[in-house]
Amino acid sequence: MIITLQAQPIEQKDLDNQAQLVALAKQGDMQAFESLYRLFSNKIYLLCVRMTGRPALAEEHMQDAFIKAWQALPNFAGNSKFSTWVYRIAVNVVLNEQRKNHIEIYADQDWQQAFEDELSETHHPQQIDLEKAIVKLPAQARNVLLLHDLMGMTHEEVGDTLGIASGTCKAHLSRARVLLKEQLDR
């Protein structure tokens, strides 16, 4: 069984609509920012839950990321897509918390069942197996895999976000894919 983890392509009309929402939100339009929140909150939440393994903590991180995005929005230069920018904010929120509190995922049976229950309504059983396997990866390998394969960031963008060289990013990604394949083949 091979499952690909590539980000979905975004159509030009969607990018134009997002650019309009960002422009309005930068001018203080709360409804425009709320629309951006609705567009990206689920993806940001899933990113955070994948990085932390804790749904309640992921919810907090997602909210913190959007608060920080709202506060920093006037400084958003538009050199990247809004989605990439808010993903980076979310990743930094999670990584800062992990560094500050030395948090690592401990996947006990109760946690695994809660995680599976949460995903069962929206995910196919194979997707749930994939999500559980991703969470079991070592932190750095998991983060690189999530940012590159799921969020569609380049090795350079992942390296900048995580503070590692792009070559190191490539090595972590290769390791993550091998470990993921081993877990899914079991």
Side-chain angles (χ1 to χ4, degrees), residues 5 7-8 10 18-19 21-108 110-112 114-119 121-123 131-132 134-154 157-164 169 172 176:
L5 300 172
Q8 297 296 317
I10 299 173
Q18 288 173 28
L21 289 172
V22 170
L24 290 169
K26 283 179 77 166
Q27 296 171 7
D29 186 328
M30 203 52 177
Q31 287 182 328
F33 189 76
E34 193 173 315
S35 294
L36 290 168
Y37 175 85
R38 277 190 251 112
L39 278 172
F40 296 105
S41 62
N42 190 47
K43 291 177 183 176
I44 297 298
Y45 170 76
L46 285 174
L47 172 64
C48 292
V49 82
R50 287 169 173 149
M51 289 182 74
T52 65
R54 297 183 174 120
L57 188 57
E59 180 75 26
E60 275 182 49
H61 289 332
M62 181 211 43
Q63 291 174 6
D64 287 347
F66 277 101
I67 289 168
K68 289 179 185 299
W70 174 252
Q71 293 169 340
L73 194 56
N75 300 324
F76 176 60
N79 297 334
S80 63
K81 293 184 290 188
F82 177 81
S83 59
T84 302
W85 182 70
V86 78
Y87 289 147
R88 284 185 181 160
I89 292 172
V91 167
N92 287 335
V93 166
V94 172
L95 292 177
N96 288 339
E97 179 71 17
Q98 288 175 343
R99 286 182 200 121
K100 185 171 92 176
N101 295 315
H102 306 289
I103 294 174
E104 185 55 57
I105 294 176
Y106 298 103
D108 62 20
D110 292 338
W111 179 87
Q112 285 183 7
F115 188 69
E116 191 170 333
D117 291 346
E118 183 164 328
L119 295 177
E121 292 180 27
T122 58
H123 288 66
E131 295 292 344
K132 290 188 327 188
I134 289 171
V135 169
K136 291 178 183 176
L137 293 172
Q140 193 73 308
R142 178 180 62 246
N143 292 341
V144 169
L145 179 86
L146 291 172
L147 296 176
H148 185 273
D149 286 0
L150 291 172
M151 298 298 131
M153 291 184 178
T154 66
E157 290 172 326
V158 174
D160 289 345
T161 301
L162 298 177
I164 59 176
C169 173
H172 283 300

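The minimum heavy-atom distance linking H172 with A141 is given by the pair O-CB, 4.0 Å. Taking both residues in full, the closest heavy atoms of C48 and M62 are given as SG-N, 4.0 Å, listed atom of the first, atom of the second, then distance. When all heavy atoms are compared, the tightest approach of R142 to I134 is CD-O, 3.3 Å. Scanning both residues, L137 and A176, for their nearest heavy atoms gives CD2-O, 3.8 Å. Closest approach of Y45 and A58 over heavy atoms only: CE1-CB, 3.8 Å.
Side chains of L73 and W85 form a contact here, defined as non-hydrogen atoms less than 4.5 Å apart. Within the 4.5 Å cutoff, the side chain of E97 has no heavy atoms near those of the T52 side chain. Put simply, the side chain of Q18 reaches to within 4.5 Å of the side chain of F40, judged on heavy atoms. Using a 4.5 Å heavy-atom cutoff, the side chains of M51 and L95 are in contact. A 4.5 Å side-chain heavy-atom check between L162 and V144 finds at least one atom pair inside the cut-off.
Q140 is linked by a side-chain hydrogen bond (donor to acceptor under 3.5 Å, both in side chains) to nothing, counting only residues two or more places apart in sequence or in another chain.
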Distance-only donor-acceptor pairs under 3.5 Å for side chains of residues 21-37, two or more places apart:
from : atom 1 : to  : atom 2 : distance (Å)
K26  : NZ     : F76 : O      : 2.6
D29  : OD1    : Q31 : N      : 2.9
D29  : OD1    : A32 : N      : 3.0
E34  : OE2    : R38 : NH2    : 3.4
S35  : OG     : Q31 : O      : 3.2

